[in-house]
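Notes follow the structure.
Treat the numbers as computed from the prediction; the structure is a model and nothing was measured. Below, each value reflects all heavy atoms present in this structure, side chains not excepted, and no hydrogens, waters or symmetry copies. Quick note: residue numbers are just sequence positions, from 1.
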Amino acid sequence: QVQLVESGGGLVQAGGSLTLSCAASGRTFSSYGMGWFRQAPGKEREFVATISVGGLSTSYADSVKGRFTISRDNAKNTVYLRMIALNVEDTAVYYCAAKFGTRFFKSSECDYWGQGTQVTVSS
């Protein structure tokens, strides 16, 4: 069982930056691929970024590529999402997710979810 708790969301002006954190419980964090999804009001949950169990492989949605960076610290059981050059379209609830053994790109592939953290970008 893995519990995920996100933090770091908030209100930021367009062009600003935020770093989200996702703290995981349990001793097997390093066995899980990790990632982030987001859901804007009235829209479906969408993939944002994912990272492999060892942290060497990452992938991003085209909409965030070059602006967002996913990373992990297995010693701290934490995954991060560094977001820069934020725009209004990035406003959403951001969810951390985990899948045993590998990265993932679809929400249906995930084994565990956090409760989400709100990111609001003002113009």
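- Taking Ala61 as the reference, Phe47, Ser63, Val64 meet the side-chain contact (heavy atoms from CB on, under 4.5 Å) condition, with sequence neighbours excluded.
- By the 4.5 Å heavy-atom criterion applied to side chains, Val48 and Leu81 are counted as neighbours.
- When every heavy atom of Ser71 is checked against every heavy atom of Val79, the shortest pair comes out as O-CG2, 3.1 Å.
- No side-chain N or O of Thr91 forms a donor-acceptor pair with one of Glu89 less than 3.5 Å apart.
- Sorted by first then second residue, the ring-ring contact (aromatic ring centres under 6.0 Å, His included) pairs that include residues 72-95, not counting sequence neighbours, number zero.
- Scanning for side chain to side chain donor-acceptor pair (under 3.5 Å) contacts around Gln115 gives an empty result, with sequence neighbours left out.
- Within the structure, salt bridge (charged side-chain N to carboxylate O under 4.0 Å, His left out) contacts touching residues 46-60 (residues at least two apart or in different chains) are Arg38-Glu46.
- Considering every non-hydrogen atom in both Ser122 and Leu11, the closest pair reads CB-CD1, 4.2 Å.
- For residues 51-71, the pairs satisfying salt bridge (charged side-chain N to carboxylate O under 4.0 Å, His left out) are Asp62-Lys65, Arg67-Asp90, with sequence neighbours left out.
- Closest approach of Ala97 and Phe104 over heavy atoms only: O-CZ, 3.4 Å.
- A pairwise comparison of heavy atoms in Ser123 and Val88 identifies CB-CG2, 3.8 Å as the closest pair.
- Taking Ser59 as the reference, Arg103 meet the side chain to side chain donor-acceptor pair (under 3.5 Å) condition, with sequence neighbours excluded.
- Minimum heavy-atom separation, Asn74 to Val53: ND2-O, 3.2 Å.
- Sorted by first and then second residue, the disulfide (SG to SG under 2.5 Å) pairs involving residues 18-74 (not counting sequence neighbours) are Cys22-Cys96.
- Rounding to the nearest 0.5 Å gives a distance of 5.0 Å between CZ of Phe68 and CE of Met83.
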Please tabulate, for the side chains in residues 28-35, all donor-acceptor contacts under 3.5 angstrom to protein atoms that are two or more places apart in sequence or on a different chain.
none

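- Between Val119 and Val121 the shortest side-chain heavy-atom distance falls below 4.5 Å.
- Within the structure, side-chain hydrogen bond (donor to acceptor under 3.5 Å, both in side chains) pairs that include any residue of residues 104-114 do not occur (at least two apart or interchain).
- Residue pairs meeting the disulfide (SG to SG under 2.5 Å) criterion with at least one member in residues 56-94: none, sequence neighbours excluded.
- Applying the salt bridge (charged side-chain N to carboxylate O under 4.0 Å, His left out) test to pairs two or more places apart or on separate chains, none has a residue in residues 68-86.
- For residues 35-90, there are no disulfide (SG to SG under 2.5 Å) pairs, not counting sequence neighbours.
- Within a 6.0 Å sphere centred on CZ of Phe100, heavy atoms belonging to other residues, nucleotides or ligands number 12 at most.
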